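This report concerns only the one structure given below.
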Amino acid sequence: MTRHEHRMVRHQLAMRTLEVLSSKRMTPHMQRITLKGEQLHGFVSASPDDHVKLLFPNADGELVFPALGPNGPEFPPGSKPSPMRDYTPREHDAMRNELIIDFVLHGDGPASTWAEQAKPGHRIGVGGPRGSFLIADDFDRYMLIGDETALPAIGRRLDEMPAGAHVVVLVEIPERADRQPLGSQAAFEVTWLERNGIEAASSDLLESALRELPKLPGDTFYWIAAESRRVRTMRRFLAEDRGVPKEWIRATGYWKADGSEEDED
């Protein structure tokens with residue numbers, strides 16, 4: 001049997017309309033939205049870092065869904081498309097038909113603005129996830145590295161880690177008040193890195209903390225998610241300076257300083 005074998009599982013793509021059940025401010029920069037709806041029947045999210053496509057009401061307050069065409073998603077001609085953004089399902093309760101999404105509040109953009117104003121009964125579109133990347137469960141240690149946008153995936157991964165696993169977590173957040181309670185059956189340690197006014201795109205707190213960590217014994221899997229340029233810097237350090245095999249690194253740019261789309265390595 002091959003050691004450290006990852007798997008990719010594909011899901012049938014579906015577009016759903018859901019309603020806000022509740023909205024709660026978790027920390028100064030994080031809003032938790034619980035969504036509900038009968039259309040959640042059949043929803044599958046098998047990995048903590050799955051992405052769903054959220055569709056927000058357009059300027060007319062309407063949800064306009066794209067159809068999957070030969071060139072990818074295509075909106076109806078003449079329509080005002082719904083703004084779309086990628087988010088991580090924080091929790092899915094199939095029995096209750098509920099889906100929890102945590103939104104980082106950064107003051108602008110359709111997602112942050114919608115989340116701050118969301119009230120029970122407000123509607124939102126959810127597409128996907130298209131697939132789930134299942135990380136091998138036989139590493140000696142797992143390292144989770146990310147900024148506040150990665151906290152939903154980090155929190156969910158810790159929730160789902162089994163007893164006996166060993167996890168090291170580095171999380172960068174805007175300020176101390178943005179710390180969240182994290183729990184797991186696994187043995188884990190968390191280092192919180194607070195920017196305290198430094199811009200997220202120009203910070204190097206995660207990079208410095210990663211460089212200062214001693215080389216860990218055994219085989220370690222590294223999961224990284226933050227601003228795209230910073231993610232590439234950390235991945236390059238691990239591969240070139242530490243000699244970590246590329247298959248032991250999953251590095252994803254959750255956002256870009258220039259506002260363009262996310263990317264994944």
Side-chain angles (χ1 to χ4, degrees), residues 9-26 30-133 149-153 156 225 252-256 259-264:
V9 178
R10 297 293 179 184
H11 309 305
Q12 184 175 359
L13 183 62
M15 305 296 288
R16 298 171 167 88
T17 300
L18 304 177
E19 288 190 353
V20 174
L21 177 64
S22 65
S23 178
K24 176 182 179 182
R25 183 65 58 91
M26 299 291 291
M30 190 74 77
Q31 191 83 7
R32 174 162 292 178
I33 308 291
T34 301
L35 304 171
K36 189 175 180 66
E38 292 301 315
Q39 292 186 23
L40 268 174
H41 285 300
F43 179 87
V44 176
S45 177
S47 177
D49 62 350
D50 282 346
H51 285 173
V52 291
K53 190 74 74 175
L54 299 186
L55 292 91
F56 303 94
N58 64 15
D60 296 330
E62 300 175 342
L63 287 175
V64 179
F65 289 85
L68 193 59
N71 300 316
E74 298 177 353
F75 286 93
S79 68
K80 294 181 181 178
S82 284
M84 298 189 298
R85 295 293 185 272
D86 285 342
Y87 272 81
T88 303
R90 178 60 179 85
E91 185 179 332
H92 171 230
D93 189 326
M95 297 293 294
R96 299 169 64 91
N97 279 330
E98 293 179 5
L99 177 66
I100 293 176
I101 306 285
D102 286 352
F103 291 78
V104 175
L105 304 178
H106 46 76
D108 58 3
S112 179
T113 300
W114 181 88
E116 282 198 273
Q117 301 173 354
K119 291 181 172 53
H122 285 185
R123 298 190 312 146
I124 189 173
V126 178
R130 287 190 171 192
S132 301
F133 185 82
T149 65
L151 254 179
R156 180 176 163 188
T252 307
Y254 268 18
W255 60 283
K256 290 185 177 182
S260 58
E261 287 295 313
E262 303 88 344
D263 60 11
E264 185 171 304

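Keep in mind that this is a model prediction, so the values were computed, not measured.
Pairing each heavy atom of R25 with each of M30, the nearest pair is CD-O, 3.4 Å. Residues F75 and S79 come closest through the heavy atom pair CB-OG, 3.8 Å. Smallest separation of non-hydrogen atoms from S45 and S132: C-OG, 4.4 Å. Nearest heavy-atom pair across G127 and M15 is CA-SD, 3.6 Å. Here the shortest heavy-atom pairing between T149 and P152 reads O-CD, 3.6 Å. Here the closest heavy-atom approach between residue A111 and residue Y87 is recorded as CB-OH, 3.2 Å.
With hydrogens and angles ignored, the 3.5 Å screen pairs no side-chain donor or acceptor of T252 with any backbone N or O of A225. Using modelled atom types, one side-chain atom of R156 and one backbone atom of P89 make a donor-acceptor pair closer than 3.5 Å. Checking side-chain atoms of T34 against main-chain N and O of L21 turns up no donor-acceptor pair under 3.5 Å.
For E98, the side chain to side chain donor-acceptor pair (under 3.5 Å) partners two or more places apart in sequence, or in a different chain, are R96. Residues satisfying the side chain to side chain contact (heavy atoms under 4.5 Å, CB included) test with Q12, not counting sequence neighbours, are none.
From L151, atom CG reaches atom CE of M26 across 10.0 Å, with rounding to the nearest 0.5 Å. Here H41 contributes atom NE2 and N97 contributes atom CG; the two are 4.0 Å apart, rounded to the nearest 0.5 Å. Rounded to the nearest 0.5 Å, atoms CD1 (I124) and CG (L55) are 8.0 Å apart. For the atom pair CD1 of I100 and CD of E91, the computed distance is 4.0 Å after rounding to the nearest 0.5 Å. Within the model, atoms CD1 of I33 and NZ of K119 stand 10.0 Å from one another, a figure rounded to the nearest 0.5 Å. With rounding to the nearest 0.5 Å, the separation of OG in S82 from NZ in K53 is 13.0 Å.
Under the 4.5 Å side-chain criterion, counting only non-hydrogen atoms from C-beta, P57 is not in contact with H122. Inter-residue side-chain proximity for V20 and L35 is flagged as met; some heavy-atom pair is nearer than 4.5 Å.
Less than 6.0 angstrom separates the ring centroid of H51 from the ring centroid of Y254.
In this structure, F103 and W114 have tilted ring planes: the angle between them lies in the 30° to 60° band.
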Identify all side-chain donor-acceptor contacts of residues 58-66 below 3.5 Å with residues at least two apart in sequence or on another chain.
| from | atom 1 | to | atom 2 | distance (Å) |
| --- | --- | --- | --- | --- |
| N58 | OD1 | D60 | N | 2.9 |
| N58 | OD1 | G61 | N | 3.2 |
| N58 | OD1 | E62 | N | 2.9 |
| N58 | ND2 | K80 | O | 2.8 |
| D60 | OD1 | K80 | NZ | 3.2 |
| D60 | OD2 | K80 | NZ | 3.3 |

